Amino acid sequence: MAAYWLVKSEPFKYSWDQFVKDGQTFWDGVRNYQARNNLRGMKKGDLVFFYHSNEGLEIVGIAKVVKEAYQDPTTDDTNWVVVDLKPVKKLPKPVTLAQMKADIRLEKLGLIKQGRLSVSSVTVEEWGVIEEMAGF
DNA sequence: GCCAACGTTGGC
DNA sequence: GCCAACGTTGGC
């Protein structure tokens, strides 16, 4: 069964639109062990919310894991890995951080509990709640 | 631009 | 191995 995740990106660095234009990307730049462990936990076919930090502060789309963790090509340090992600679809309505914070069902969401973590896991329940908010 | 949260580093 | 100092992230 597929698992669910959430990744954050600063739009000026790598936005959803850029992601869609590229068609696929490797998720690099993770330099935090907890986030790294989450990357390693991703399996092919898992779904990933794409969140814009700093600007927007909202989940804008859904991506899919197309290749599981492998050595980060941007460094020789074997501590770090990347995964390949592909855009699946844009949310009908973006879901903002404020909306998520306001919903009691999402109080345990990694994004809210640990705002600085760039890759976090999302439970099936949380995924469902957010999809509902997004207008699916 | 400020500040809180939190991870990392380094002295002991 | 503890803990203070420091750096970074990200919301506001």
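Every chain is numbered from 1, with letters handed out A, B, ... down the list of sequences. Bear in mind that the values here come from a model prediction, so they are computed numbers and not experimental data.
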Please state whether the phosphate of [N], meaning OP1 or OP2, lies under 4.0 angstrom from any side-chain nitrogen or oxygen of [X].
X	N	result
A:Y33	B:dC6	no
A:Q114	B:dG7	yes
A:K101	C:dC12	yes

Output field: ring centroids A:W27/A:F50 closer than 6.0 Å: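 Yes, the ring centres sit under 6.0 Å apart.
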Within the 6.0 Å centroid threshold, strictly below: A:W80 and A:Y33: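 Judged by ring-centre distance (under 6.0 Å), A:W80 and A:Y33 do meet the cut-off.
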How long is the line joining [atom1] of [X] and [atom2] of [N], in whole Å?
X	N	atom1	atom2	answer
A:K8	B:dA5	NZ	C1'	11 Å
A:K113	B:dA5	NZ	C1'	15 Å
A:E10	C:dG11	CD	P	9 Å
A:F12	C:dT9	CZ	P	11 Å
A:L97	C:dT9	CG	C1'	14 Å
A:N54	C:dT9	CG	P	10 Å
A:E58	C:dG11	CD	C1'	14 Å
A:I59	C:dG11	CD1	P	12 Å

Pairwise distance CG(A:L39) to OH(A:Y70) - rounded to 0.5 angstrom: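 Going from the CG atom of A:L39 to the OH atom of A:Y70 covers 11.0 Å.
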Candidate nucleotides C:dG10, B:dG7, C:dG11, ranked by approach to the side chain of A:N32 - the nearest: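 For A:N32, the side-chain atoms sit closest to B:dG7.
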Range-with-range stems of DNA chain B (Watson-Crick or G-U pairs under 3.5 Å, three or more in a row):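 If one scans DNA chain B for consecutive Watson-Crick or G-U pairs, the stems found are B:1-12 with C:1-12.
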Pairs meeting criterion salt bridge (charged side-chain N to carboxylate O under 4.0 Å, His left out) with involvement of residues 26-41 of chain A, two or more places apart: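 Residue pairs passing salt bridge (charged side-chain N to carboxylate O under 4.0 Å, His left out), neighbours aside: A:R31-A:D72.
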Is it true that [Y] and [X] share a donor-acceptor pair across their side chains at a distance under 3.5 Å?
X	Y	value
A:S15	A:Q18	no
A:W5	A:N38	no
A:Q34	A:Q114	yes

Sugar-phosphate, base or nothing in reach of A:L117, heavy atoms under 4.0 Å: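 Nothing: the residue A:L117, judged by heavy atoms under 4.0 Å, touches no strand.
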